[in-house]
Each structure stands twice: as structure tokens, then as C-alpha cells.
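Naming: A, B, ... by sequence-line order, numbering from 1 per chain. Quick caveat, the model's predicted, so the values are computed rather than measured.
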Amino acid sequence: MNIFVAKLNYATSEDALRQAFEEFGTVDSAKVIMDRDTQRSKGFGFVEMPNDDEGNQAISSLNDTELDGRTIVVKKANPRG
DNA sequence: GTTGAGCGT
């Protein structure tokens, strides 16, 4: 299940994101979108979870919570299209 | 050396 995470702290790393989601389920991979040129965080990222139920719980649980001191938004990710 | 809605090199 692809999960979209936004309003991240510009200092939040993928490991912090992964650890945050691993507390609610198994995380297959986590990625924070950063600028291609400056490598600065765009403020949002993606988390991939092999279990859909754990993913939904992670979304419902981690949504509107604090990460690195910033309230984050967790939703299902859209296909890149 | 910043900012704060939004969907990926």
C-alpha cells in the first residue's frame, strides 16, 4: 500500500518516517521527496507497506500527529500518472 | 541557511 505523507519537517529523514510507521506495522520502504538540485526536503514523502490493514491503521493513527515537532498529514498515495 | 500546500529522482 502506498502512503502519502505531507507537512513533514524539512529536517525529517526517511528513517524517521520509517520508524514512525514501523510502530504501527511492517514498512517495506520509506522515501522523502527532496529537491533534485538542492536535495532539500519538499516537505512530503511516501511510505510503502506490504500489509494494507496495517497501512490503513498507520494512516488513521499517524495522520494529524506530530513528527519531528511538525504535525503531519497521512493519506493514501495516488498513482504517479 | 527561507517556506508550509501538496502526490515521487
Next item on the list: Check the chi torsion on dG6(B) and let me know: syn if it falls within 90° of 0, anti if not.
Entry: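 You should classify dG6(B) as syn.
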Next item on the list: Mark up nucleotides 2-9 of chain B, 5' to 3', with B wherever a protein heavy atom is under 4.0 angstrom from a base atom, S wherever such an atom reaches only the sugar-phosphate, and - elsewhere.
Entry: BBBBBBBB
Enumerate donor-acceptor pairs with a distance under 3.5 Å from any side-chain N or O in residues 32-43 of chain A to protein atoms, sequence neighbours excluded.
residue : atom : partner : partner atom : Å
D35(A)  : OD2  : D37(A)  : N            : 2.7
D35(A)  : OD2  : T38(A)  : N            : 2.8
D35(A)  : OD2  : T38(A)  : OG1          : 3.3
Q39(A)  : NE2  : R36(A)  : O            : 3.2
S41(A)  : OG   : Y10(A)  : O            : 3.3

Next item on the list: Quick one: list whatever passes side chain to side chain contact (heavy atoms under 4.5 Å, CB included) with E48(A), sequence neighbours left out.
Entry: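 Testing E48(A) for side chain to side chain contact (heavy atoms under 4.5 Å, CB included), a comparison that skips the adjacent residues, returns N2(A), D28(A), S29(A).
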Note to self: I need the minimum non-hydrogen distance between F44(A) and A6(A), along with the two atoms involved.
What the structure shows: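 Heavy atoms of F44(A) and A6(A) come nearest at CB-CA, 3.7 Å.
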Note to self: Could you tell me if the side chain of K76(A) sits less than 4.5 Å from the side chain of M1(A), heavy atoms only?
What the structure shows: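 They are in side-chain contact.
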Check: Is the closest side-chain heavy-atom distance between N51(A) and T26(A) below 4.5 Å?
Finding: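 No, too far: nothing below the 4.5 Å cut-off.
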